[in-house]
Novice: 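Got a structure for you, written out below as structure tokens; questions coming shortly.
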There are 2 protein chains.
Amino acid sequence: MSAKKSRIEDVAKAVGVSATAVSFAFNRPDRLNSKTVTRILDAADRLGYSPNPLARALLAKSTGVIGILTPQTLPSIFKNPFFAAFHEGVGRACEEHCLSLMIVSPASRSLSEASAHAPVDGLIVVGLSESHPEIELLRRRQMQFVIVDGDAETVPSVNVDDYHGARQAANLLLERDHRRIACLTFEQDLSSSHGKKVYGVGRRRLEGYKHSFNDYDILWDDSVLVPTAASIDAGAAAFKQLWKNPKNRPTAVLAVADVMAIGMLEEANARGVCVPDDLAIIGFDDIPQAQWTRPPLTTVRQPMVEKGEIAVQMLLTLIAGEPLTDRHVLLPTELVIRKSA
Amino acid sequence: MSAKKSRIEDVAKAVGVSATAVSFAFNRPDRLNSKTVTRILDAADRLGYSPNPLARALLAKSTGVIGILTPQTLPSIFKNPFFAAFHEGVGRACEEHCLSLMIVSPASRSLSEASAHAPVDGLIVVGLSESHPEIELLRRRQMQFVIVDGDAETVPSVNVDDYHGARQAANLLLERDHRRIACLTFEQDLSSSHGKKVYGVGRRRLEGYKHSFNDYDILWDDSVLVPTAASIDAGAAAFKQLWKNPKNRPTAVLAVADVMAIGMLEEANARGVCVPDDLAIIGFDDIPQAQWTRPPLTTVRQPMVEKGEIAVQMLLTLIAGEPLTDRHVLLPTELVIRKSA
DNA sequence: TTGTAAGCGTTATCAA
DNA sequence: TTGATAACGCTTACAA
């Protein structure tokens, strides 16, 4: 039915020149007689020819595409406002450098397998630490990449000051005499690989909470932890779980992500539990929605957009083979006090 | 410094076999002595080898990546909640088929130029009609693609019933005796190419408004149109413009996108203008945020997630060379009455 | 069970 | 100003 895609040879034959000439017409028009260029370009247009990007990239060893790799599923990434902001930053930098962006889907495959199939010049890996076995593989394959939101000593990385952000959040609650505080953690925080906690960010936030608890001589008991997926729904579910047993209800909640906090807050509202009087809530991230909840969410702000921009810049200097002035960027966090705590 | 990426030959030499054998070890392990396979895979692992996806794709004529192409900039796409929902649907389908997703950046280039550089198996084109010259090019290049939110008679497309959604929105206002109504339109709606309006969706929504105006014998005057970018900020700016001249203020606003409506609503709130009493507002899309505004936004709902899913499915059958049962999908819209009108 | 050789669609080098 | 030829890194008949 539909004619095959035309190749460089087809154009060459149609015009009566060599393939080289056609290539030149597209890439170095100056090296050809301008009349020839016109003839070639005309024929190309007529035949609907344009150079195969794959063949081109194979030779150039560059596709003009960078990828984002993270263990989460595609739909959950797009549902997550943190990623929206992060992508905005990444997108800004891509735009600036005429790069396209690929969101690599781990799907059923392993991360490294997925990334091995991805025709990208480099990868931004979100939420995985250097010690993760999949990361180890990327490195062995000489893939260029930057870690975002993960522990890294060797590999270039971008992180925010999770620890101090978390301390400020916990301190606010503690100062206000909360003593029964639950923590909504990332699900991965409790899993480990080779005896090391895999997910650096959650661990650092948890450590911040923990140390503040210590300062106030509150004994830390892992039973305060509620592993929660990064979504509104999961936050709502966490509320139900926490509220089930009337004797054991917390007076406050620290969430490692705003989405969880917002889910919890909405569910509390729906059940007639008053925030912050009956339950104080503090989130983390300061996604735009945090301002619009009722009451507005107290949270720890991190520069999500900037994080994305910086990650791309680092990746690009890496790809260019230039030295990085700062291999481990640490961006500040800041407690934003609104009305939920 | 860093050793070059290892190629298939390196592995072959290390093991003392041919490149073919290495290829087989990865792709048809059954065709090789299982011991040989192990030796090869071991060596590959040791050398950090994995097949070059570009070379592979060149041969297979397939990359396992589909692209999304739209005239907007990358950051504005990610800031736009409509795309978040749309991407969620696209992501769901990609996940299901083990596909990765590429967001093609037009950046400074023309759309067709950008897409010509994209190593994808097919494209979902959002917001461009078939008659657009860039689309014409895609087609001539034998690129597989599906149009979303754009007029199409030949090319497969996914759209929602913009016209009737818009009519319902306008009718609600008209029934409630609003007579001075402004319309926030997409910026592209007023531009045209070859004498045809380029952006089908906005045109259809506008036509819906217009016909309802006619039904109520209100004369349509293009001065009610306020071209507005698809962002909260632009919506806020539109409010300022509309409110500038006290004699000319509308009593109601129809926005072709929720983001515009929300920007307008927020700015109205900030200025002490009461919605819906001083100004009624109706949006379009029903993004999640529409429920959380104060007052909650009355709007026209469209199935954004489903739209994305369906677009991918169509694209995949197209790529597979199979016939499409329905080349032009039209999804329903529905007026959601909340409190802003 | 393994290897040889051709080819995927380009671009780079060098010569004409 | 143009063209032959050899890469790029892999897969796949076909042969051994």
Novice: Using C1' atoms of five pairs at each end, report the bend of the helix from C/dT1-D/dA16 to C/dA16-D/dT1 rounded to 10 degrees.
Specialist: 40°
Novice: Between B/Lys5 (NZ) and D/dC10 (C1'), how many Å, whole number?
Specialist: 14 Å
Novice: Return the nearest nucleotide to the side chain of B/Ser18; candidates are D/dT2, C/dT4, C/dC8.
Specialist: C/dT4
Novice: Tell me: CG of A/Leu54 to C1' of C/dC8, nearest whole Å?
Specialist: 10 Å
Novice: For the residue pair B/Ala57 and B/Thr63, what are the closest heavy atoms and their distance?
Specialist: CB-CG2, 3.8 Å
Novice: Check this one for me: any side-chain N or O of B/Arg56 less than 4.0 Å away from OP1 or OP2 of D/dT11?
Specialist: yes
Novice: Rounded to whole Å, how long is the line connecting atom CG of A/Asn52 with atom C1' of C/dT11?
Specialist: 12 Å
Novice: In terms of side-chain geometry, is the basic nitrogen of A/Asp42 or A/Arg39 positioned less than 4.0 Å from the acidic oxygen of its partner?
Specialist: no
Novice: Send over the distance from B/Asn33 CG to C/dT1 P, rounded to a whole Å.
Specialist: 6 Å
Novice: Roughly how many Å is it from NZ in B/Lys13 to P in C/dT2, rounded to a whole number?
Specialist: 20 Å
Novice: Which residues pass the salt bridge (charged side-chain N to carboxylate O under 4.0 Å, His left out) test with B/Asp121, sequence neighbours left out?
Specialist: none
Novice: Whole angstrom is fine here: how far is it from CG in B/Leu58 over to P in C/dT11?
Specialist: 12 Å
Novice: Nearest-nucleotide wise, let me know which of A/Phe26 and B/Gly16 is further upstream toward the 5' end of DNA chain C.
Specialist: B/Gly16
Novice: Could you list all N or O pairs between the protein and nucleotides 12-16 of chain D that sit under 3.5 Å apart?
Specialist:
residue : atom : partner : partner atom : Å
D/dT12  : O4   : B/Thr20 : OG1          : 3.3

Novice: Just do the side-chain contact (heavy atoms from CB on, under 4.5 Å) check on B/Thr36 and B/Phe24 with the steps written out, would you?
Specialist: CA-CA 10 Å; B/Thr36 320; B/Phe24 280 160; over 6 Å; no
Novice: Applying a 4.0 Å non-hydrogen cut-off, can you work out what B/Val22 is touching in the nucleic acid: base, sugar-phosphate, or nothing?
Specialist: nothing
Novice: So, are B/Glu96 and B/Arg92 salt-bridged, with charged N and O less than 4.0 Å apart?
Specialist: no
Novice: DNA chain D: A/Leu32 or B/Tyr49, which has the more 5' nearest nucleotide?
Specialist: A/Leu32
Novice: Calculate, to the nearest 0.5 Å, the distance between atoms NZ and CG belonging to B/Lys5 and B/Asp10 respectively.
Specialist: 13.0 Å
Novice: Under 3.5 Å, is there a donor-acceptor pair linking the side chains of B/Glu322 and B/Thr317?
Specialist: no
Novice: Would you say the side-chain atoms of A/Ser129 pair up with the backbone N or O of A/His132, donor to acceptor, closer than 3.5 Å?
Specialist: no
Novice: OP1 or OP2 of C/dG9 versus the side-chain N and O atoms of B/Lys61: is any pair under 4.0 Å?
Specialist: yes
Novice: Rounding to an integer number of Å, can you tell me how far B/Ile8 CD1 sits from D/dC8 P?
Specialist: 14 Å
Novice: Could you tell me whether the side chain of B/Thr70 and the main chain of B/Val126 form a donor-acceptor pair under 3.5 Å?
Specialist: yes
Novice: Select one nucleotide: of D/dT1, C/dG3, D/dG3, the one nearest the side-chain heavy atoms of B/Ala21.
Specialist: C/dG3
